[in-house]
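This chain uses plain numbering: 1 for the first residue, then up along the sequence. Heavy-atom basis, side chains included; hydrogens, waters and symmetry copies ignored.
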Amino acid sequence: MLTIGIRDILFLCLCGILHGVYRKRQKWLLPLPPSLPGGWPIVGNALQLPLSYVHLFYQEIGRKLGSKMIYIEALGQPIIVVNDAWIANDLLDKRSALYSSRPRMPMFEVFVGALSLSMTYGLPVKRVKDPFIKLSDTAFTSAVRAAAPGGYMVNILPFLRYIPSWVPGAQFKQDGRRYRAQFDRVLDEPYRMAKENMEKGVASESFLSATLAHYQHNDEFQALEPQIKKAAMQVFGAVTETTITGLLTFVLAMLTHPEIQRIAQEEVDLVVGEDCLPDFSDRMKLPYLTAVLKEVLRWNPVVPAGIPHLTTADDIYEGYYIPKGSIVVPNTYAMLHDEEIFPKPNEFNPGRFIKDGIPVDDVLDPTVVATFGFGRRICPGAHIAMATLSIATASILSLFDILPELDSDDKPIQVKPEFAATSLVSTKTSRSSTPIAVAILLGWSLTPNRMAILGLKDAVFLCFCGLVHLVYRRRRTRLLPLPPSLPGWPIVGNAFQLPLSYVHVFYEELGRRLGSKIIYVEALGQPIIIINDARIASDLLEKRSSLYSSRPRLPMLEVIGTDQFFGLLPYTDAWRNQRRMFHQHFSEKNLPREEDKALEFTRKGLLPNLYQTPQDFLVHINGLVGGIALSMTYGLPVKQSHDPLIHSSEEAFKVAVQSAAPGKYLVNILPFLKHVPSWMPGTQFKRDARRFRVQLDEILEVPFKMAQNNIDEGVCPESFVSASLEHYKNNRDYAIFESQIKKAASQVFGAASEPTIAGLTTFMLAMLTHPEAQRKAQEEVDSVVGADRLPDFSDRPQLPYLTAVLKEVLRWNPITPTGIPHLTIAEDVYSGYYIPKGATIMANAYAMLHDDDVFPNPKKFNPDRFIKDGVLVEDILDPMLVGTFGFGRRACPGAHIALATLYIASASILSIFNILPALDDDGRKIEVNPEFVAASLVSEPLPFRCRITPRPGKDIEGLLAGNTGFEYL
């Protein structure tokens with residue numbers, strides 16, 4: 001265990017202070033963007049923010065401050081408002097890796113939702129007053145209002161969501177329940193009807209039918225179906241609300257600008273004629289109408305304040321500091337009403353976008369910039385909305401005049417254009433059921449240009465609400481205990497009590513001492529939950545996977561600066577995309593393809609190499625597994641022995657798994673050490689990191705470039721890389737996908753190598769130290785396979801004892817003994833214990849598979865645990881299914897390939913070789929004491945010696961005939 005003296009404690013405290021200074025340095029040295037003056041202590045600018053026409057307010061503040069980027073703060077929440085399209089492009093497009101998340105929308109935590117019926121669900125649509133369309137319109141109108149920055153006071157003061165619904169002014173809670181009921185109907189009813197039509201065979205092709213058909217045979221279909229349902233609803237709503245807004249704004253513009261309507265109609269008549277209606281082939285011949293539509297989107301931007309982004313890391317732009325966790329508001333209205341770009345911006349003037357009948361190219365185009373968002377969060381259905389807007393407007397202009405309504409004296413009624421004040425989507429006011437929001441909670445009303453002004457009583461009341469909020473946030477920790485724990489130190493917690501080696505053994509013994517299968521430790525404020533029981537791991541990591549599927553930060557990997565292993569990524573789109581790529585190529589239905597490759601490399605590589613140079617058996621095992629991985633991932637030729645690419649990858653992945661291990665580096669326990677300068681004593685890990693980065697970059701880039709060259713030359717066999725690049729080659733985001741394919745390939749290469757090597761070397765060690773188990777397994781293989789051939793995959797079901805041996809191998813030395821840590825994304829309660837948000841969750845596979853209650857005498861290697869009277873036992877924990885390959889959504893997706901490789905290699909070795917103790921100089925047997933790597937994510941046996949000799953009576957040269965003499969496989 002790690003022991004620390006008083007000097008070490010003082011040094012670590014100094015490092016903690018340096019860490020705090022480092023974390024604050026940017027705020028001290030760099031200014032924030034220009035900000036609204038007059039902020040209050042604690043609440044900041046929260047009481048100065050309007051509840052309506054937020055986009056106008058931000059535009060005016062930017063003008064007053066003389067800046068296109070401004071900063072405000074509400075109750076500690078930093079908000080960056082961007083009023084300029086170029087700045088938005090610089091941040092949200094070019095730096096999308098930092099700016100592509102979304103902030104929490106408190107009203108959406110009271111009501112969660114987003115809502116074109118035919119293309120989404122394939123349902124028949126009534127010509128007028130279709131009930132589903134009416135329902136979705138109502139629900140999505142509620143949704144966009146709930147998401148608007150000023151639609152509800154709770155969006156400015158998030159703690160109000162914790163106030164009981166009976167408190168005066170909590171009308172938003174009743175609204176939330178009503179909105180949720182609407183949302184649930186729109187989510188469920190059209191989906192159910194569409195599925196019924198599909199089952200009856202009467203469904204039209206639609207997003208839903210095509211998506212369900214695509215995924216119905218996927219191994220994770222049950223998990224994917226709810227996502228498909230939600231995506232369908234999103235398509236339904238997104239296509240509806242924004243396109244309706246654009247069309248209504250067009251009608252309003254034509255009504256209030258009859259001369260523009262007349263010019264557009266003349267153009268349509270000239271192109272289309274009087275005998276037919278417009279179609280999409282006319283679109284390119286209608287430049288004036290295109291200019292009208294651009295001006296419609298500029299005059300009244302569909303989403304005037306944009307949908308907020310969230311920064312996932314600190315950033316610096318134009319000398320301004322942008323804090324991590326900032327809400328970034330791309331103020332589309334300000335961008336498209338910038339007087340420097342669009343003189344007299346409040347006038348409706350299509351002439352901005354057309355000159356002498358030719359579209360103007362050197363002006364900001366609202367159909368491309370701002371209207372549909374920025375970066376990775378840009379609306380993916382923008383082209384559909386624009387197509388709908390184009391055909392609908394051309395058709396209306398072709399047949400109809402849009403004229404003012406007449407009053408009782410037949411005089412035209414003048415219409416003054418007005419738009420909704422408190423909605424995410426800026427639509428015509430008359431369509432909105434709520435003209436101006438009223439802040440009922442604090443008893444004052446707001447007009448579009450008034451800001452929230454509070455008296456002393458109101459401020460006191462708000463402070464009281466804040467206090468109630470804090471009490472609520474802390475209530476669970478006071479009322480519910482944490483799992484059993486070690487007594488810790490102030491501030492540092494248990495950091496100095498945690499070991500740097502054999503972490504899994506430490507946690508198993510700690511759980512036994514505390515009498516609990518779930519335990520708690522804390523290191524410098526970071527809560528860590530250790531699970532020593534398979535049932536508890538299943539309850540949390542599988543049944544509650546929505547809360548437990550993220551990954552914690554791994555400080556040593558951050559020091560290295562690598563994010564190429566999707567297995568270690570948090571629960572993000574990058575992880576989902578790379579895992580989806582893996583499943584598309586390596587699903588279990590494609591397992592026979594990988595089995596053929598494993599069989600080829602075993603017979604042409606492993607067995608001949610063991611026969612010729614048996615003393616290098618560890619090198620040959622690495623060559624087998626690395627060769628299979630290299631071939632199936634990149635389609636590259638592999639040298640039969642000593643392939644240099646396999647060697648370099650082996651070294652690179654060893655450092656990766658060691659860096660991710662809980663105890664290999666102190667920085668993984670004390671994360672602030674990563675900010676300590678590299679010249680200070682005790683920072684060897686920083687020098688290691690620089691060396692590791694070079695190795696990892698090489699293994700990321702070199703094989704991928706080689707595979708790409710072979711693909712370009714037409715000489716690359718099918719592989720993960722070739723199939724994935726082919727799959728995405730016509731995608732408009734190909735460059736993004738190519739980068740993710742490269743990273744996913746690196747993960748496949750590594751994940752297929754290191755754990756499988758550990759499993760095979762553990763098998764060799766077990767057979768060496770347990771000759772009776774080896775003899776019984778060889779007898780079984782001989783009885784099934786005979787002496788005239790080598791084993792293949794058709795023999796697998798007839799080899800139950802070998803299966804039991806492999807299960808015991810995985811139990812005796814779990815490949816990843818502490819598992820790869822999970823991270824909670826919300827608070828939880830389990831068996832009366834409080835589990836904090838942001839807790840690291842370690843599923844201690846070693847403890848689960850060495851549980852005395854399940855496996856008596858667990859340190860003994862005994863395959864008979866899994867077999868009785870020649871039949872595999874089913875009522876015992878199976879290491880092939882539980883613990884070894886992880887849990888829930890983060891379980892290893894390539895477990896079936898690893899198990900297939902482990903089977904064919906072990907069966908083939910047992911078929912023709914004996915694994916015997918090495919002899920010393922005097923011819924005596926060298927006893928081997930099984931030992932395993934102490935500080936690594938993957939548990940491999942420490943190097944050991946043995947003799948591998950041909951079995952008597954086996955014609956090895958005959959069995960290997962045709963499989964030797966290959967330089968490359």
Side-chain angles (χ1 to χ4, degrees), residues 502 504-505 602 606-607 610 614-615 617-618 620-622 624-625 754-782 791 796 799-817 845-846 848-850 854-867 872-873 876-880 883-885 898-918 925-934 936 938-949 951:
Y502 296 111
H504 49 288
V505 177
T602 299
L606 177 66
L607 298 181
L610 287 176
Q615 69 277 8
F617 70 97
L618 293 175
H620 301 327
I621 288 174
N622 289 345
L624 166 73
V625 178
E754 197 70 19
T756 314
I757 290 170
L760 266 174
T761 51
T762 302
F763 165 79
M764 298 292 287
L765 178 61
M767 295 299 94
L768 171 64
T769 55
H770 299 83
E772 183 60 24
Q774 179 182 178
R775 183 190 59 78
K776 290 171 68 174
Q778 287 173 325
E779 288 176 355
E780 182 184 65
V781 171
D782 290 346
R796 196 173 182 180
L799 297 172
Y801 187 77
L802 176 58
T803 300
V805 166
L806 296 181
K807 289 184 179 186
E808 181 67 353
V809 162
L810 297 175
R811 187 209 64 80
W812 186 52
N813 175 41
I815 293 171
T816 49
Y846 177 87
M848 299 173 198
L849 298 173
H850 283 243
V854 182
F855 303 106
N857 197 7
K859 291 183 170 54
K860 180 182 178 182
F861 183 88
N862 179 16
D864 292 335
R865 306 176 195 276
F866 298 102
I867 192 167
L872 289 170
V873 177
I876 191 172
L877 198 67
D878 186 348
M880 290 184 173
T884 301
F885 296 103
L899 290 173
T901 305
L902 190 58
Y903 157 75
I904 197 63
S906 58
S908 300
I909 291 170
L910 289 171
S911 176
I912 60 175
F913 295 114
N914 283 323
I915 304 167
L916 304 171
K925 295 179 181 178
I926 298 174
E927 295 296 326
V928 173
N929 182 31
E931 291 183 285
F932 302 94
V933 174
S936 176
V938 175
S939 177
E940 284 188 83
L942 292 176
F944 60 93
R945 292 173 58 193
C946 69
R947 285 183 299 140
I948 299 176
T949 63
R951 290 179 59 194

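Panel note: side chain N813, backbone P941; no donor-acceptor pair is recorded below 3.5 Å. No side-chain donor-acceptor contact under 3.5 Å links E808 to the backbone of P863.
With rounding to the nearest 0.5 Å, the separation of CG in N862 from CZ in R811 is 8.0 Å. In this structure, OG1 on T803 lies 7.0 Å from CZ on R796, to the nearest 0.5 angstrom. Separating the CG atom in L768 from the CD1 atom in I948 is a distance of 9.5 Å, to the nearest 0.5 Å. Summarising the geometry, atom CG belonging to D878 is positioned 8.0 Å from atom OG1 belonging to T884; distances are rounded to the nearest 0.5 Å. From H850, atom NE2 reaches atom CG of N857 across 11.0 Å, with rounding to the nearest 0.5 Å. From T762, atom OG1 reaches atom CZ of F861 across 9.5 Å, with rounding to the nearest 0.5 Å.
In plain terms, the two heavy atoms of P791 and I904 that are nearest each other are O-CD1, 3.7 Å. The two atoms that bring I915 and C946 nearest to each other are CG2-SG, 4.3 Å, heavy atoms only. Nearest heavy atom pair, residue F885 against residue A898, reads CE2-CB, 4.2 Å. Closest approach of M880 to L810, counting heavy atoms only: CG-CD1, 3.9 Å. Nearest heavy-atom pair, A845 versus G883, reported as atom, atom and distance to 0.1 Å: CB-O, 3.6 Å. Considering every non-hydrogen atom in both E940 and I757, the closest pair reads OE1-CG2, 3.6 Å.
In this structure, M848 and P879 have side chains that are not in contact, with every pair of non-hydrogen atoms separated by 4.5 Å or more. Between R947 and Q615 the shortest side-chain heavy-atom distance does not fall below 4.5 Å. Side-chain contact check for L624 versus L760: some heavy-atom pair is nearer than 4.5 Å. The closest side-chain heavy-atom distance from W812 to L765 is below 4.5 Å. Using a 4.5 Å heavy-atom threshold, the side chains of K807 and I867 count as separate. Between L806 and S906 there is a side-chain heavy-atom pair separated by less than 4.5 Å. Within the 4.5 Å cutoff, the side chain of V781 has no heavy atoms near those of the Y801 side chain. Side-chain atoms of I909 and F617, non-hydrogen and from C-beta on, never get closer than 4.5 Å to each other.
Contact check on K776 versus E779 returns no salt bridge, with no Lys/Arg side-chain nitrogen under 4.0 Å from an Asp/Glu carboxylate oxygen.
Both the sub-6.0 Å distance and the 45° axial angle are not jointly satisfied by R865 relative to the ring of F855.
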- Derivation and outcome, side chain to side chain contact (heavy atoms under 4.5 Å, CB included), residues I912 and L610: CA-CA 10 Å; I912 60 175; L610 287 176; over 6 Å; no
- Message: Run V928 and R945 through side chain to side chain contact (heavy atoms under 4.5 Å, CB included) and show every step you take.
- Response: CA-CA 8 Å; V928 173; R945 292 173 58 193; 6.0 Å; no
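For the side-chain contact (heavy atoms from CB on, under 4.5 Å) test, residues two or more places apart in sequence or in another chain that qualify with R951 are Q778, D782, N914, K954.
For Y903 and F763, the ring centers are positioned 6.0 Å apart or more.
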